[in-house]
A.B. asks: 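Sharing a structure with you now.
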2 protein chains.
Amino acid sequence: MYYRYLGNLADAGVERISSRELSEALQMTASQIRQDLNNFGGFGQQGYGYNVEKLHAEIGKIMGVDTPHSLIIIGAGHLGQALAGYASYGKRNFTVEAIFDVNPEIIGQEIDGRVVKGMDELEAFVKENGADVAALAVPKSVAVEIARNIRDWGVRAIWNFAPIDLELPKEFPVENVWLLDSLMRLSYDLKDR
Amino acid sequence: MYYRYLGNLADAGVERISSRELSEALQMTASQIRQDLNNFGGFGQQGYGYNVEKLHAEIGKIMGVDTPHSLIIIGAGHLGQALAGYASYGKRNFTVEAIFDVNPEIIGQEIDGRVVKGMDELEAFVKENGADVAALAVPKSVAVEIARNIRDWGVRAIWNFAPIDLELPKEFPVENVWLLDSLMRLSYDLKDR
DNA sequence: TAGATTGTTAATCGATTAACAATC
DNA sequence: TAGATTGTTAATCGATTAACAATC
């Protein structure tokens, strides 16, 4: 959240910001912000506040944005194609290296300049090239098995869009993007209004 | 989280579950679970535990899943099309009512059996039919303005996929789905491993 | 030097956990 | 009746807020 907001400020040409100003924009207390930032280091300066660009860069470093990461996309259905065409990965230093699907009609097609590979090529590809993150956009019926396999083959983390628990050891990094959960929060917000 | 897990249990035919068993599956304490559930009502029974189907239904009611909701999709690019084709809305009692785009080449095309309407039809559509939720899958350069408009016209909540703060009054329900944020959490998890 | 604002400690608050009586 | 497990109170813990000395 800090990273995103500071990026916007930097784009807008803002040079410095105080914890009080940040607190108004982000709807939290200035104390909270100073505590948070201080857990990672003294990024501010008494009497001045924080330099926007420097703070943005520091938080980026903490989050690992300064390290390039490779991304492969598994499943080239609607969602997989949307993920493949998503233009902003570069902003977080990610690069899409390959896209895979089982469907023979999709294999060989071009999506945003990349030819979709068959699932039978996945094992060899991962073993040869590795992959920092695999976006899993496949039906939930096959997600668990694919997840287990790609982890064994060398994928380091999974960005999971299948609405199911992947059952991997809990130290293995998984980010679940469960769209229905967020839609359900809206249905809750709409109650009794 | 409870709703999702209990749904899986129900599908698997599990009839009853105790807070202790739930706590093992969900990686939290049994105390926590009993506290959480009791805040909404006494759904369990001493000596027995919780009836899976009943608890699932109760949580559904709390979340508003028992009320049907309408959904419109604004922006029929890759992401909008993926959202339009997403099959599982019914599970949360949502129905996709219409899809809109500005691009003349896309307008009139069929996506999963629905004809894409032009953005110039949006105002009339919303004023006439209303919409509980609008999924906003448009470039961030136009997102803020569209958001302001559709709220004025009668959309009750926004499911926002544009990576920008929509600047709506904070009592208006907005769920931001910021994919790069979750990808960035993975980049953080991958640090120093 | 005076004003501003951080870094940091202490106080407060709320959330989590533990414990156990109630009861199925 | 005995065993199991909830509902709920009390104890603990951690996170947030307030306050202020340090310092730019």
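The analysis underlying the following values was restricted to heavy atoms, covering all of them including side chains, and did not include hydrogens, waters or symmetry mates. Everything numeric in this text was worked out from a predicted model, so none of it was measured. Here is how names work: the chains are called A, B, and so on, in the same order as the sequence lines, proteins then strands, and each is numbered from 1.
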A.B. asks: Using the six-membered ring of B:Tyr50, assess whether NZ or CZ of B:Arg16 lies under 6.0 Å from its centre and within 45 degrees of the ring axis.
C.D. replies: no
A.B. asks: Please check if atom CD in B:Glu128 has more than 12 non-hydrogen atoms from other residues, nucleotides or ligands closer than 6.0 Å.
C.D. replies: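 Atom CD in B:Glu128 is not packed in, count stays at 12 or less.
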A.B. asks: Tell me the interatomic distance from B:Met28, atom CE, to C:dT16, atom P, rounded to whole angstroms.
C.D. replies: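 Between P of C:dT16 and CE of B:Met28: 8 Å.
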A.B. asks: Is the backbone of A:Glu105 close enough, under 3.5 Å, to the side chain of A:Asp101 for a donor and an acceptor to pair up by distance?
C.D. replies: no
A.B. asks: Heavy atoms from C-beta onward define the side chain here; which of C:dT8, D:dT9, C:dC20 lies closest to that of A:Asn38?
C.D. replies: C:dT8
A.B. asks: Look at the side chain of B:Gln35 against the base of D:dT9 and say whether a donor-acceptor pair falls under 3.5 Å; ignore hydrogens and angles.
C.D. replies: yes
A.B. asks: Once you apply a heavy-atom cut-off of 4.0 Å, does B:Ser31 come out as touching a base, just sugar-phosphate, or nothing?
C.D. replies: base
A.B. asks: Using whole Å, what does the distance between atom C1' of nucleotide C:dT16 and atom CG of B:Leu26 come to?
C.D. replies: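 In whole Å, C:dT16 C1' lies 16 Å from B:Leu26 CG.
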A.B. asks: For DNA chain D, whose closest nucleotide is more 5', that of B:Gly42 or that of A:Arg34?
C.D. replies: B:Gly42
A.B. asks: Rounding to a whole Å, what distance do you find between B:Phe43:CZ and D:dG7:P?
C.D. replies: 9 Å
A.B. asks: Can you tell me the pairing partner of C:dT12 across any strand shown, Watson-Crick or G-U wobble, with both distances under 3.5 angstrom?
C.D. replies: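 WC or wobble partner is D:dA15.
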A.B. asks: Would the A:Tyr5 and A:Tyr2 ring centres measure less than 6.0 Å apart?
C.D. replies: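 That pair fails the under 6.0 Å test.
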A.B. asks: Rounding to an integer number of Å, can you tell me how far B:Gln45 CD sits from C:dA22 P?
C.D. replies: 18 Å
A.B. asks: Round to the nearest Å and state the distance from B:Arg16 atom CZ to D:dT6 atom C1'.
C.D. replies: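 It works out to 12 Å between those atoms.
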A.B. asks: Please determine whether a side-chain nitrogen or oxygen atom of B:Ser19 lies at a distance below 4.0 Å from atom OP1 or OP2 of D:dT5.
C.D. replies: no
A.B. asks: Counting side-chain heavy atoms from CB outward, which of D:dC24, C:dC24, D:dT8 is closest to A:Gln46?
C.D. replies: D:dC24
A.B. asks: Strictly below 4.0 Å: does A:Gln32 bring a side-chain N or O up to OP1 or OP2 of D:dT16?
C.D. replies: yes
A.B. asks: Does D:dT6 have its OP1 or OP2 closer than 4.0 Å to a side-chain nitrogen or oxygen of B:Arg20?
C.D. replies: no
A.B. asks: In this structure, how many angstroms lie between the P atom of D:dA4 and the CD atom of B:Glu21, rounded?
C.D. replies: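 In whole Å, D:dA4 P lies 13 Å from B:Glu21 CD.
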A.B. asks: Take atom CG of A:Leu22 and atom C1' of C:dG7, then tell me their distance rounded to the nearest Å.
C.D. replies: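 Value for this atom pair: 16 Å.
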A.B. asks: Considering every strand shown, what is the Watson-Crick or G-U wobble mate of D:dC20 when both distances are under 3.5 Å?
C.D. replies: C:dG7
A.B. asks: Quick one: label A:Thr29 by what it contacts on the DNA or RNA (base, sugar-phosphate, nothing), any heavy atom closer than 4.0 Å.
C.D. replies: sugar-phosphate
A.B. asks: Look up atom CZ in A:Phe43 and atom CD1 in A:Ile59, then write down how far apart they are to the nearest 0.5 Å.
C.D. replies: 7.0 Å
A.B. asks: Please give, in whole Å, the distance from C:dT5 C1' to A:Ile33 CD1?
C.D. replies: 13 Å
A.B. asks: For a quick test of reading the model: is some side-chain N or O of B:Tyr50 closer than 4.0 Å to OP1 or OP2 of D:dG7?
C.D. replies: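 Checking D:dG7 against B:Tyr50, a side-chain N or O does come within under 4.0 Å of OP1 or OP2.
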